[in-house]
Amino acid sequence: METLMSVLIGVLFAIGAYLMLSRNLLKIIMGSSLISHGANLLILTMGGLKKGGAPLLGEGSASYTDPLPQALILTAIVINFALTAFLLVLAYRTYINVGTDDMEQMRSIEDE
Amino acid sequence: MNNIVVLPLIIPMFTGLLLAFFRKNIILQRTLSLASLVAVIGTTLYLVGQVRNEGIQILEIGGWQAPYGIVLVADMFSVLLVLTASVVSALCILFAFQTIGVQREQSYFYSLFQFLLTGVNGSFLTGDIFNLFVFFEVMLLASYVLLSLGGTKRQLKATIKYVVINSLSSTVFLLGVAYLYAVLGTLNMAHLSVRVAEVGQSGFLTVVAFIFMIVFSLKAALVLFFWLPESYSAPPTAIASVFAALLTKVGIYALFRVFTLIFYHQPEITHTLLGVLAALTMILGSIGAVAYRDIYRILVYNVIIGVGFIVVGLALFTEQAAMGSLYYLLHDMVAKALLFLLGGIIITVAGSEQLKRMGGLIRHYPLLGWSFLVTLFALGGIPPLSGFPGKVLILQQGLAKGVQYAGFNWLTALALISSLFVLFSLLKIFILAFWGETRPGSNAEIKNINGLLVPCVGLLALSIFLGVGAEILYPYVEQAGYSLLNPQLYIEAVLAR
């Protein structure tokens, strides 16, 4: 199972990296979003994948899943959600204001 | 357990939330944000006294015991940084009152400023590596909005790149956290330190250390500084100076924390690499600083040189060098804020960012000119100003280490030469902008800048105090350096009861 997850994470990272290297702003945002999904899955996998136990630590329970990775992912997802929302709005504003979504044309100010 | 540890981050957080409800009432916004900063400074001063007398203070949030819950840890290193950060932001906000403009003030500027400070102080105080990630994000999200607030073309272009690069580096931070958790099964920094010492810093852990080095280097602008020049020159002066004073310093702090507390077992690999990175940063920063004739560009490359210099102290990895770095960090926060504020005023009065369109400013603005001159001497490290004690400690240690290993002599030489480049690049601004003939047309009417100079003079006084009063600070800095190089103190404070 862990191996399969590793392959999946690798694929997500590869696609994300490919998208981030493109010139189109929207593709870059999609790419950063995919990469962060890959990172979340990696946290889950790194905590160890188990079946048949609730994520709690009770007195009587014989098996349990480690709840910490899930808590970490939850936090990371919330942050990433806010970030992606902000980035989309920013990209829209930039597109309206600058008139392009091509990163080549977003080179810095008055290069002399 | 000490509840005061949480105040430096909770006061700005609640102030920020509160201010969001009163966006139209500018007077209230100004008063409250200044009051919040004064309160943070007051509590931090008290905390400094406590740490001095009683050792490292901790707070287990929610009463959860140390390795399980999140702890806030206030050791001397972090408290001094929190104190300086708060004082510098208070003075920058005084500058913002006069320059930032009603539109930005009504668009949550003060709330965002408070959130930025929450993130910065939180990063300094937290004792949990995932919590460090969260506070980084708090700080970064506030900085994204502050950078784009106002929505000019230049700001938007800069923000896009800044956000994309930082979101990628945050993802890499998460990867590092995931690997660390997989290997060591904990995220509490003190506990991590214990576990790394138990299992030994194997090859795998060193690779994880490199991941953290990449992330923090990107935040600190150590070699990976390509994002910095554009994003620090786009926003208004008050915001740019807070960024220059605080943001990269948080990255440097994280490097110090991780490479003195957790990954300190193989300094011949990790710290040598940090030395190489510091050397590269100083070389590239120096080239940038002399290459441009545009005030903001020169100033941002000076930020980069400063980062390289501070990390030299970490690469040397001795107690004295760590003290030198701390002295220099405190100085750099004050001096960089001051430099950016003065640079902003020069641009306002000259009406251009290009040095070739300036000249003769000293005739109408003598105080501005002399403040700038003193600042540039402080940054060059001329005694008795604030850059001197840090530089002298780092260079001394560099030469002492150079006896054992010749590579450190090169590093020391580069650190020394980079100071000359700092002096040269800033003197160029001074000579071209303040001396010579007044340009016709460019500064025809003389602007009243006395109000703007008040925060600058405050920072200048602070900078002189950091130099002249180095003796007063010495016991505090010594305690910080000692606890950095002796991680068992930190571990005992957090884990032992």
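Throughout, protein chains are lettered first and strands after them, A, B, ... in sequence-line order, and every chain is numbered starting at 1. What you see is a predicted model, and the numbers here were worked out from it, not measured in a lab.
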Original post:
Take atom CZ in A/Phe81; do more than 12 heavy atoms of anything else shown fall under 6.0 Å from it?
Top reply: no
Original post:
What is the distance from atom CG of B/Leu156 to atom CD1 of A/Ile96, rounded to the nearest 0.5 Å?
Top reply: 11.0 Å
Original post:
Where on A/Tyr95 is there a heavy atom nearer than 4.5 Å to chain B: the side chain, the backbone, both, or neither?
Top reply: neither
Original post:
Should A/Met103 and B/Ile160 count as side-chain neighbours, where that means a heavy-atom distance under 4.5 Å?
Top reply: yes
Subject >> Partners meeting ring pair (Phe, Tyr, Trp, His ring centres under 6.0 Å) with B/Tyr144 (sequence neighbours left out) >> reply: B/Tyr162
Subject >> Heavy-atom pair of closest approach, residues A/Phe86 and B/Ser148 >> reply: CZ-OG, 3.8 Å
Original post:
chain A contacts: which residues in residues 165-173 of chain B have a non-hydrogen atom closer than 4.5 Å to it?
Top reply: B/Ser167, B/Leu168, B/Thr171
**OP:** Counting only heavy atoms closer than 4.5 Å, note whether B/Leu187 contacts chain A via side chain, backbone, both or neither.
**Re:** side chain
Subject >> Heavy-atom closest contact (A/Ile28 atom, B/Val164 atom, distance) >> reply: CG2-CG1, 3.7 Å
**OP:** Identify, with sequence neighbours excluded, every residue that meets ring pair (Phe, Tyr, Trp, His ring centres under 6.0 Å) alongside B/Phe130.
**Re:** B/Phe133
Subject >> Atom group of B/Leu141 that falls short of 4.5 Å from chain A, counting heavy atoms >> reply: side chain
Original post:
Can you name the closest pair of heavy atoms from B/Ala178 and A/Leu42 and give their distance?
Top reply: CB-CD2, 4.0 Å
Subject >> A/Leu87 to B/Val163 - nearest heavy-atom pair and separation >> reply: CD1-CG1, 3.3 Å
Original post:
Does any heavy atom of chain B fall under 4.5 Å from the side chain of A/Asn80, the backbone, both, or neither of them?
Top reply: neither
Original post:
So which of A/Thr45, A/Asn40, A/Leu72, A/Ile35 has the biggest tally of heavy-atom pairs under 4.5 Å with chain B?
Top reply: A/Leu72
Original post:
Taking atom NZ of A/Lys27 as the centre, does the number of heavy atoms from other residues, nucleotides or ligands within less than 6.0 Å exceed 12?
Top reply: no
Original post:
How close do A/Arg93 and B/Gly151 get, heavy atom to heavy atom, and via which atoms?
Top reply: NH2-CA, 3.5 Å
Subject >> Distance (rounded to the nearest 0.5 Å) between B/Gln155 CD and A/Thr94 OG1 >> reply: 11.0 Å
Original post:
Can you tell me if CE on A/Met5 sees more than 12 non-hydrogen neighbours from other groups inside 6.0 Å?
Top reply: yes
Subject >> Contact origin within A/Ile29 toward chain B - heavy atom pairs under 4.5 Å >> reply: neither
Original post:
Just wondering, more than 12 heavy atoms not from A/Gln70 lying within 6.0 Å of its CD?
Top reply: yes
Original post:
Most heavy-atom pairs under 4.5 angstrom with chain B, which of A/Asn97, A/Val98, A/Ile43?
Top reply: A/Asn97
Original post:
So which heavy atom on A/Met106 is nearest to which on B/Lys161, and how close?
Top reply: O-NZ, 2.6 Å
Subject >> Pairs where residues 70-91 of chain A contributes a residue and the test salt bridge (charged side-chain N to carboxylate O under 4.0 Å, His left out) is met, not counting sequence neighbours >> reply: none
**OP:** Any chance you could measure A/Leu90, atom CG, to B/Leu147, atom CG, to the nearest 0.5 Å?
**Re:** 9.0 Å
